[in-house]
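Just the heavy atoms: all of them, side chains too, but no hydrogens, waters or symmetry mates, feed the values below. Numbers here are sequence positions counted from 1. Please read these numbers as outputs of a predicted model, since none were measured by experiment.
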Amino acid sequence: MTLLDSFIIGFSIIFGILLALFFSGAIKNVKLFFIVFTFSVAWLSSSFLIYVIFR
């Protein structure tokens, strides 16, 4: 698995979790900067974790 594959898989996992939280109403009154910052940190960390596990 390449690093690009792990970034794509990590993006789809974190984006799915973010959509689930958004549609469930858990992140109604949260500022956009906090959502984007948390999303980017979670995307990077999960992508590298997937890359290390499936390398």
Side-chain angles (χ1 to χ4, degrees):
M1 173 178 291
T2 64
L3 191 58
L4 181 64
D5 293 337
S6 62
F7 274 119
I8 292 170
I9 293 170
F11 177 80
S12 62
I13 290 171
I14 299 301
F15 190 69
I17 291 172
L18 187 68
L19 280 179
L21 288 173
F22 181 73
F23 285 122
S24 70
I27 51 174
K28 277 184 193 173
N29 297 323
V30 180
K31 294 187 179 197
L32 183 63
F33 171 76
F34 184 70
I35 293 172
V36 171
F37 179 74
T38 307
F39 174 75
S40 62
V41 169
W43 180 26
L44 286 175
S45 62
S46 67
S47 297
F48 282 119
L49 183 66
I50 289 170
Y51 178 71
V52 168
I53 289 173
F54 292 110
R55 187 165 58 145

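Taking CG of Leu32 as the start and CZ of Phe39 as the end, the distance is 12.0 Å to the nearest 0.5 Å.
When hydrophobic clusters are built by joining Ile, Leu, Val, Met, Phe, Trp and Tyr residues whose side-chain heavy atoms come closer than 4.5 Å, directly or via intermediates, Tyr51 is grouped together with Ile53. Hydrophobic clustering of Ile, Leu, Val, Met, Phe, Trp and Tyr side chains at less than 4.5 Å, counting indirect connections, unites Leu49 with Phe54.
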Atom pairs and distances, donor-acceptor, side-chain atoms in residues 9-24, under 3.5 Å, two or more places apart:
from: Ser12; atom 1: OG; to: Ile8; atom 2: O; distance (Å): 3.4
from: Ser12; atom 1: OG; to: Ile9; atom 2: O; distance (Å): 2.8
from: Ser24; atom 1: OG; to: Ala20; atom 2: O; distance (Å): 3.1
from: Ser24; atom 1: OG; to: Leu21; atom 2: O; distance (Å): 3.0

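In this view, Phe7 and Leu3, Trp43, Leu44, Ser47, Phe48 satisfy the side-chain contact (heavy atoms from CB on, under 4.5 Å) rule, not counting sequence neighbours.
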